[in-house]
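Following: one structure in structure tokens, then a few remarks.
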Amino acid sequence: MRSTRPRGGAASPARRSNARKSASGEDAAAPIPSTARIIEAAIQLFATHGYASSTLEEVAAKAGFTKGAVYYYFRSKERLLLDVVAAIEQRSIDATIEAVRRDGGTPSDQLVNFVRHQTRWAAKHPKDLAVVVLLSIETANTKSKVRKRMLGMYAKMSSLLEEIIDAGKATGEFCLDQETKDTALYLQAVHDGNMMIWYRSGTDPEIGRKLTRATYSGFMHAVKEE
């Protein structure tokens, strides 16, 4: 087979671009496939059918590419799923952590900010929430890479909440009698439970507003109760 590399050097950007187009089944005039489009298509499918019941062929068809294009970029279904979880983690908990630390304020302000940004994420990307819920169920009691990534995402959430709670205790704003880890776990339960109720409502905006207020109230009651 003749080499696709030009003499005396690595493959040029143009040749790499053509290789990607060939892998996707598109002609030379078409744009390079976007991994973001494939990830978003996967999220839509995994949210409605679950990961185990979805195929790469279905993901490719929904994204408008060939199965070969998906394999070219992700190599395996598990690799695609890991990138899906990474995308959700970045725009969910990572974005929330960044906003809470950037905006500052009192520990109470930070808890309110946490709820606000998590609510905005869910409202903008409701399918993300469905994927997180389904994966939590599908990967339970496994030792998969995806399960490890999911636990890591929740560990970040716990760490942020514990950091805020400890800051509130240090200033006298929050109750000192409760264990920080126990309180953070309870706040996660309130957060996840209300998110699940909202999704079950069909993502009803009015239900969402009521649950957001209930989450604020539940958080403040938990950290300030004597």
Quick one: side chain to side chain contact (heavy atoms under 4.5 Å, CB included) partners of E173, sequence neighbours excluded?
-> T106, P107, S108, T171, K224
List in chain and number order the residues that pass side-chain hydrogen bond (donor to acceptor under 3.5 Å, both in side chains) with K127, two or more places apart in sequence or in another chain; answer none if no residue qualifies.
-> none
Gap separating the CZ atom of F114 from the CG atom of D103, nearest 0.5 angstrom | 14.5 Å
Would you mind writing out the side-chain donor-acceptor pairs for residues 184-193 within the sub-3.5 Å range, not counting sequence neighbours?
residue: Q188; atom: NE2; partner: S158; partner atom: OG; Å: 2.3
residue: H191; atom: NE2; partner: Q118; partner atom: OE1; Å: 2.8
residue: D192; atom: OD2; partner: Y154; partner atom: OH; Å: 3.2

Would you say T96 and W121 make side-chain contact, with heavy atoms under 4.5 Å?
-> no
Is K169 atom NZ crowded by more than 12 heavy atoms from other residues, nucleotides or ligands, each under 6.0 Å away?
-> yes
Name all residues meeting the side-chain hydrogen bond (donor to acceptor under 3.5 Å, both in side chains) criterion together with E163; count only those two or more places apart in sequence or in a different chain, and write none if there are none.
-> R101
Report yes if some heavy atom in the side chain of F74 is under 4.5 Å from a heavy atom in the side chain of T35; otherwise report no.
-> yes
Per the side chain to side chain contact (heavy atoms under 4.5 Å, CB included) rule, which among E98, K156, H117 passes with I93?
-> K156
Sequence-distant partners of E206, side-chain hydrogen bond (donor to acceptor under 3.5 Å, both in side chains), two or more places apart | R209
To the nearest 0.5 Å, tell me how far D94 CG sits from E89 CD.
-> 5.0 Å
Contacts table for residues 129-141: side-chain donor-acceptor under 3.5 angstrom, sequence neighbours left out:
residue: S136; atom: OG; partner: V132; partner atom: O; Å: 2.7
residue: E138; atom: OE1; partner: A52; partner atom: N; Å: 3.3
residue: E138; atom: OE2; partner: Y51; partner atom: N; Å: 3.3
residue: T139; atom: OG1; partner: L135; partner atom: O; Å: 2.6

What's the spacing between S76 OG and L82 CG if we round to 0.5 Å?
-> 7.5 Å
Flag the pair M157 / L161 as yes when at least one side-chain heavy-atom distance between them is below 4.5 Å, and no otherwise.
-> yes
Tell me, please, which residues at least two apart from D182 pass side chain to side chain contact (heavy atoms under 4.5 Å, CB included).
-> E179
For R200, the side chain to side chain contact (heavy atoms under 4.5 Å, CB included) test, sequence neighbours excluded, returns M196, I197
Under a 4.5 Å cut-off applied to non-hydrogen side-chain atoms, are T203 and W198 in contact?
-> yes
Any sub-3.5 Å donor-acceptor pair from Q178's side-chain atoms to A222's backbone N or O?
-> yes
Backbone N or O of G105 within a donor-acceptor pair of the Q110 side chain at under 3.5 Å?
-> yes
Within the side chain of T48, is there an N or O that forms a donor-acceptor pair under 3.5 Å with the backbone of L45?
-> yes
Report the residues that fulfil side chain to side chain contact (heavy atoms under 4.5 Å, CB included) with A63, sequence neighbours left out, ordered by chain and then residue number.
-> I38, A41, F65
Can you tell me how far CD1 of I39 sits from CG of L81, rounded to the nearest 0.5 angstrom?
-> 10.5 Å
The reported gap from OH in Y199 to CD1 in I207 (rounded to nearest 0.5 angstrom) is 16.0 Å
Tell me, with the steps shown, if T119 and T215 meet side chain to side chain contact (heavy atoms under 4.5 Å, CB included).
-> CA-CA 10 Å; T119 300; T215 304; over 6 Å; no
Salt bridge (charged side-chain N to carboxylate O under 4.0 Å, His left out) pairs touching residues 106-125, sequence neighbours excluded, are none
Under 3.5 Å donor-acceptor, T212 side chain and G208 backbone = yes
Shortest non-hydrogen contact between G50 and S54, atoms and distance = O-OG, 2.7 Å
Side chain to side chain, L111 and F174, heavy atoms closer than 4.5 Å | yes
Just jot down the side-chain hydrogen bond (donor to acceptor under 3.5 Å, both in side chains) partners of E78, sequence neighbours excluded, or say none.
-> none
L151, V85: one ILVMFWY side-chain cluster at the under-4.5 Å cut-off?
-> no
Residue pairs fulfilling salt bridge (charged side-chain N to carboxylate O under 4.0 Å, His left out) with at least one residue in residues 47-57, sequence neighbours excluded | E57-K67
Carboxylate-amine/guanidinium contact E58 K77, below 4.0 Å | no
CG on D128 to CD1 on I88, rounded to 0.5 Å | 4.0 Å
